[in-house]
Amino acid sequence: LIILRKRPYEQMSGEAVTEAGFREGVSHMFKALDLDQNNTLDWNECKYLVTQVMKQDGGYDSESFKAKYDAMDKNDDGKISKVELMEAVV
């Protein structure tokens with residue numbers, strides 16, 4: 001899963017993905033998740049992804065993902081900025 005691995009573009013199978021292409025994909029994902037369009041991802045926005053998408057694919061439940069979310073929030077403001085997300089996944 002994108003959010004959970006460091007440099008996942010290096011581990012994808014099939015079509016090659018450049019770092020620039022991966023960054024662009026993360027940027028699009030960020031924009032799609034930012035439901036209130038305030039340029040940050042709060043826990044409720046991320047929790048929706050976890051409970052509705054990732055868990056159905058056998059991924060994380062919201063409780064176990066919360067620790068990952070908190071680790072990405074480097075400035076401890078309770079939100080993830082695009083910069084924090086990029087630093088966590090690229």
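- Remark: Lys31 engages no residue in a side-chain contact (heavy atoms from CB on, under 4.5 Å) (not counting sequence neighbours).
- With sequence neighbours excluded, no residue forms a salt bridge (Lys or Arg N to Asp or Glu O under 4.0 Å) with Asp77.
- Within the 4.5 Å cutoff, side-chain heavy atoms of Asn75 are placed close to those of Glu84.
- We find the CZ-OG1 distance between Arg23 and Thr18 to be 10.5 Å, quoted to the nearest 0.5 Å.
- Note that CG of Leu33 is 12.5 Å distant from CG of Asn44, once rounded to the nearest 0.5 Å.
- Listed here is the closest heavy atom pair of Thr40 and Glu45: O-OE1, 3.2 Å.
- Side chains of Leu85 and Met29 form a contact here, defined as non-hydrogen atoms less than 4.5 Å apart.
- Leu35 and Ile80 fall into different hydrophobic clusters, defined by Ile, Leu, Val, Met, Phe, Trp and Tyr side-chain heavy atoms under 4.5 Å apart, directly or through other members.
- Across every non-hydrogen atom of Leu41 and Cys46, the tightest pair is CB-SG, 3.8 Å.
- Atom CG of residue Asn39 and atom CZ of residue Phe30 lie 6.0 Å apart, to the nearest 0.5 angstrom.
- In this structure, Asn38 CG and Ser81 OG are separated by 11.0 Å, a value rounded to the nearest 0.5 Å.
- Counting heavy atoms from C-beta on, the side chains of Met86 and Ser27 come closer than 4.5 Å.
- Across every non-hydrogen atom of Tyr69 and Lys79, the tightest pair is OH-CA, 3.5 Å.
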